[in-house]
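Below is one structure; the comments refer to it alone.
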Amino acid sequence: MSKFSRRSFLGGSAAVVGGLAVADHLRFLEPSTGDLARDEEFLTGKEVVYRTGHSNNCDGACGHLVHVTDGRVTMIGPAAFGTTTIAGKPAPTFHPRICLRGLSQISNTYSPDRIKYPYKRIGERGSGKWQRISWDEATTLIATKFKEIQDKYGKTAVWVAPYTGSLALIEGVIGAGFRFASVIGASAGDSEGDNEGDSATPAGWNYVLVDPTNPANAGGFFTGHESVDFMSAKTIVFWANNVAETSLPDWRIMCDARDQNGTRLISVDPRFTVTCAQSDEFVPIRPGADTALIDGIIHQIFKNDTFDTDYIRANTVGPYLIDPRDGKWLRANKVIPGAKDDYVVFDESDGKIKAASDPTLKTPAVLGTHAVAGLKARTALQALKDMTAKYTATYTEKLTDVPAAQVISLGRIWGASKPLAVRVGFGLSHWYHGDLHMQALLTLQAITGNIGVHGGGVTTFAGGMAATFAPFALGDFWAPKGTTLYTLLEPMNFCDAVEKGVPFPVKAAWFPIDNFAQQMSDRNRVVAAMKQLEFIVVSDYSLTATADLADVILPACTYIEKTDLLSSNNFYLQYLPKIIDPLFESKSDLDAIRMIADKMGVGQYFTETPEEFLKQIMHLGQPDADPSVQGLTWERLTTEAVHLNTDPMPYVPFFNQQYPTKSGKIEFYVEMLLPYDQELCDHKEPIEASPTNPLYGKYPLVFLSTHTKFRTHSQFVNLPWLKEINNGGDGFLEINPRDAAPRGIGDGDVVRVFNDRGQMKVRARLTESMKPGVVNCYQGGWDTIRVKHYIEGHPNNLTHQIAKPAQSLIPNFPSNAAYYDVLVQVEPSGV
Amino acid sequence: MAAKNNYVPHHVMVVDTNRCIGCWTCAVACKEVNNEPLGYFWNRVLTTAPNQSTTAKAPASDNLDVPWGTYPNCELAYLPVACQQCNDAPCVKVCPVQATFRRDDGTVLIDYNRCIGCRYCMAACPYGVRIFNWGDATYAPGGVVGYGKEYSTGGRLVFTPERPKGVVEKCTFCVERIDVGELPFCVEACPMGARIFGDLNDPESQVSEFVNNGGAEQLHPELGTNPNVYYLPVARRVPGES
């Protein structure tokens, strides 16, 4: 291969690595060395291409083709999923997918910012003074301190909190960290939700569709439509879901539905996002007023008589009579002589009151108030109709800022366009009443016959979470035979545990792949609590705000350097091979756990290789393997993406119209929510971000902190390829000129954003995408000792951890970080 | 070589702006496969009004993703722009050393062994898609990424693994890839399927369908450059229509 002789190349000096100025070489933990020096030679070796999945905290779960030459990654591109037939029939098209972040993964793995070695803190916590130590020293220190703290304060005083930095099986949020916590008797954070504000909508989903008191439901679960199912929808409503920016590979499916099938796209959002720009209709809603708008649409459905009577009768609690004395279900054994305990209905065919399972029942009335044992009892649907009577188009406009004509039009569309699919984003869950918003959406979809049908439903998480975890015997993995499962301590309860010892004291914590100190709401309180801990371990590949507070930092691997498996909501299993050896002294979390477990006398639980664990967790090749992976061989698993849904029709939850509720039906009337005044989806104002809040006079702007396409939460944040497109990586506050002008704020001015909990400083960006009265600062940017993407502070300094009591009914989704339910004031900073 | 068995395709790219979400995946893909340094873009994604209309109120500030119009009546679209691979290219006409040339398949390329860095071609290009390698580059990540090899066509050197100093560069339609039957990498990487590449000489091809019947348009057709890059317009359905 000839060296190019006539011209010299650009910037080829080995001393300048990755663009960092030499003067800044102590910017991160170690001076940049020649390890990442640019190749002098061209690529001459043989190229090998691997297929893997991208496990970094994104439900896109793209497949990657990773090109390696001479042991070095040189290219990443999109990998096909390759399923052309299912059970002999043509499979729905599932295109290869990748985005700017996946492509940038090369610069993530080879970043000069990588944490390269283990470190221990030698100054005050948070002072950024470190001493490099060996792995042996680090793991001995960790094992010693964990044991010390457990002996002194109780086993649960050590809290292990793996989080969604990786969504893979062993290394991530459902992974080996929980196994470690179990075998040492420690406590552990949950594997889904409340950190991120993702728990409210799942809670609401369970209120209506799952009985949380039934052990068979394992404390509540959550699932949705396989994304290709949206091709069957006549109309798709994106409710607080900026799909084209935040789940962008799935937006292609929506475009295909629009272009191939004429599907109408409607986007409900306070911001005019790219999703809104690409939709056929934009619904500019006041933030947090979602239930009011849904109630307004339900009102139109009743007004137009477009509810689906047959569906309501067959699949919902609509016909069941309510006891007017206490709002609970009327029980047949109390009001019908000789009847068993059952729901009560009015049979229109003969005018009689009957038990719901009466064999002579022909036509249960869905509406009406009926005389029963001296009572006047309404059907549940009648109660819903009565509740929504006040939500006229005019009243709904007053509550939501959506024009009355548009409310009427939405009502008409929702009643006439079938099937209609709703895709809900976490934007809806970032509210105190996110559970209510989901409950309301399910109510609307229930009365229009859109649940459990192709092209219908209410879907979050990009698809079917429960279905895609079904192949894994996680319980056995987390609590091996002879051990008990870790004690659950939700992230939202961490501060109380540290500050007050409630429910038990926590004195030490391990954060693998968890940027807890930056991404938690009410950040100032969280950081203060973390500083009270006696010992903190952080495993990460970048020096995050959480790593800044550690006593011991362990260098972690990126997904390219370790074996794992990804099962995500796109219904594919993707094997993640170890493609290159871990860089520097980084180790997989499993290897790190093994070293510590050995020193704590529980090493016998970590003798398996990653491959052995994967086979174990899936019962691969065994007769008791989950039906979705029956007959799956290791060979097939490691060479191609495996489609989990073995039915040629896309997965639809409750396609059989069997609901795991007490009644077996869709319970849009939720009896267990009576003590919380939420048995029906009557709108409630946000807990903070409401004009009815007295605080509003002082803090009149609603503060959102949405997700940007240039980051994945707090990953990919410091990558040059992405920063150079995204404002040099600097954060900004999106503000409407109508809010900026009276405050004397011009584009690019530094502003202070503040409330009683904290403040931040950042530059303003004037844009008409923001509804006046609402501001937005994209979350995920760093606020660390050395790297600041906001001039001062962080959006999470403004947020809170106010938990909604009703959610405690769902064991797996008991609390939620309502990131958007926040009021602030903004003023020029003068800096 | 582009021609096999004497058949010469006419390479054309169609960009569907009705689907483009301005994610810059194509721009980063281009950066990766061509090993471009920081600050250098052969492919950029402009924030525009749909179909570059000028009726709506101008954006409140000059930043990415800021829409036209006044809330809630906003408009937003994106226009990915790289070399338009013109059939009647001004750059080819003005190059004093004939370093820039149009290949028989319609691709416009630069011969690095001939380019003297006079940048006359940059002045001539009405689309502003050529860049000059000043020599001040830094790369991320360290190490060669992308195609990683030299490539010549017709005896002319049209791609190198690292960016050569003192020459002009631009999109090559990934000549080294298309010549072996692969797609330009931006086409392969676009997550929306908003980029279509193919042979205009083939009446059955998708690009032929878009160019001949589908309303695909060129940028600034009045300039007479006759680009091989076409754009499908933004076409949103009016709300309320079923």
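Each chain gets a letter, A, B and so on, in the order its sequence line appears, and its residues count up from 1. This one's a predicted model, so the numbers in the text were calculated from it and none came from an experiment.
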Note to self: As an exercise: rank A:Val274, A:Thr273, A:Leu719 by heavy-atom pairs under 4.5 Å with chain B and give me the winner.
What the structure shows: A:Val274
Margin query: With a 4.5 angstrom heavy-atom cut-off, is it the side chain or the backbone of A:Asp269 that approaches chain B, or both, or neither?
Written below: backbone
Notebook entry, point to check: Below 4.0 angstrom, N of the basic side chain to O of the carboxylate: do A:Glu724 and B:Lys31 qualify?
Noted result: yes
Checklist line | Inter-residue atom distance B:Thr25.OG1 - A:Leu248.CG, 0.5 Å rounding | finding: 5.5 Å
Item checked: Atom group of B:Asn18 that falls short of 4.5 Å from chain A, counting heavy atoms -> both
Check: Between the main-chain N or O of B:Val28 and the side-chain N or O of A:Trp721, is there a donor-acceptor pair closer than 3.5 Å?
Finding: no
Margin query: If you count heavy-atom pairs within less than 4.5 Å of chain B, which of A:Pro96, A:Ser107, A:Gly748, A:Gly77 leads?
Written below: A:Ser107
Next item on the list: Over all heavy atoms of both residues, which pair between A:Phe272 and B:Pro67 is shortest? Give the atoms and the distance, please.
Entry: CD2-CB, 4.0 Å
Next item on the list: Answer with side chain, backbone, both or neither: which region of A:Phe710 has an atom nearer than 4.5 Å to a non-hydrogen atom of chain B?
Entry: side chain
Next item on the list: Kindly compute the distance separating CG (B:Asp16) from SG (A:Cys255), expressed to the nearest 0.5 Å.
Entry: 8.0 Å
Check: Are the side chains of B:Pro72 and A:Phe282 in touch, meaning some heavy atoms are under 4.5 Å apart?
Finding: yes
Note to self: Testing the basics here: between B:Ala189 and A:Leu103, what is the closest heavy-atom pair and its distance to 0.1 Å?
What the structure shows: CB-CD1, 4.4 Å
Next item on the list: Go through A:Leu722, A:Ile266, A:Asp256 and name the one with the most non-hydrogen pairs under 4.5 angstrom from chain B.
Entry: A:Asp256
Margin query: I want to check something: taking the side chain as every heavy atom from C-beta on, are A:Trp251 and B:Arg19 in contact at a cut-off of under 4.5 Å?
Written below: no
Next item on the list: Pick one of side chain, backbone, both or neither for A:Asn736, based on which atoms fall under 4.5 Å of a heavy atom in chain B.
Entry: side chain
Next item on the list: Using a 4.5 Å cut-off on heavy atoms from C-beta on, say whether the side chain of B:Ile21 contacts that of A:Gln278.
Entry: yes
Notebook entry, point to check: Within a reach of under 6.0 Å around CZ of B:Phe132, are more than 12 heavy atoms found that belong to other residues, nucleotides or ligands?
Noted result: yes
Notebook entry, point to check: In this structure, are over 12 heavy atoms from other groups packed under 6.0 Å from B:Gln98 atom CD?
Noted result: no
Checklist line | Residues A:Lys709, B:Asp65: salt bridge by 4.0 Å N-O rule | finding: yes
Next item on the list: Considering only heavy atoms and a distance below 4.5 Å, find which of B:Cys26, B:Gly39, B:Ala27 pairs most often with chain A.
Entry: B:Gly39
Checklist line | Side chain / backbone / both / neither for A:Met770 at chain B, heavy atoms under 4.5 Å | finding: backbone
Notebook entry, point to check: Short question: side chain of A:Tyr110, backbone of B:Ala140 - any donor-acceptor pair under 3.5 Å?
Noted result: no
Notebook entry, point to check: Can you check whether A:Ile725 reaches B:Leu64 side chain to side chain, under 4.5 Å on heavy atoms?
Noted result: yes
Note to self: Please classify the contact between B:Val234 and chain A as side chain, backbone, both or neither, with a heavy-atom cut-off of under 4.5 Å.
What the structure shows: neither
Next item on the list: Please examine the side chains of A:Pro78 and B:Glu188, heavy atoms only from C-beta on, and report whether any two atoms are closer than 4.5 Å.
Entry: yes
Note to self: If you define the side chain from C-beta out and look only at heavy atoms, does anything of B:Tyr71 sit under 4.5 Å from A:Arg738?
What the structure shows: yes
Next item on the list: Measure distances from A:Ile76 to the heavy atoms of chain B and classify the residue's part below 4.5 Å as side chain, backbone, both or neither.
Entry: both
Next item on the list: Against chain A, label B:Glu32 side chain, backbone, both or neither, depending on which of its atoms sit under 4.5 Å from a heavy atom there.
Entry: both
Notebook entry, point to check: Would you call A:Asp747 and B:Asn63 a side-chain contact if the rule is heavy atoms closer than 4.5 Å?
Noted result: yes
Next item on the list: Using a heavy-atom cutoff of under 4.5 Å, enumerate the residues of residues 54-62 of chain B that contact chain A, numbered in order, or state 'none'.
Entry: B:Lys57, B:Ala60, B:Ser61
Next item on the list: Nearest 0.5 Å please: distance from the SG atom of B:Cys190 over to the CZ atom of A:Arg252.
Entry: 7.0 Å
Next item on the list: Starting at OH of B:Tyr147, measure out to CE of A:Met75 and round the result to the nearest 0.5 Å.
Entry: 11.0 Å
Margin query: I'd like to check B:Trp24 versus A:Asn726 (side-chain heavy atoms, cut-off strictly below 4.5 Å). Are they in contact?
Written below: no
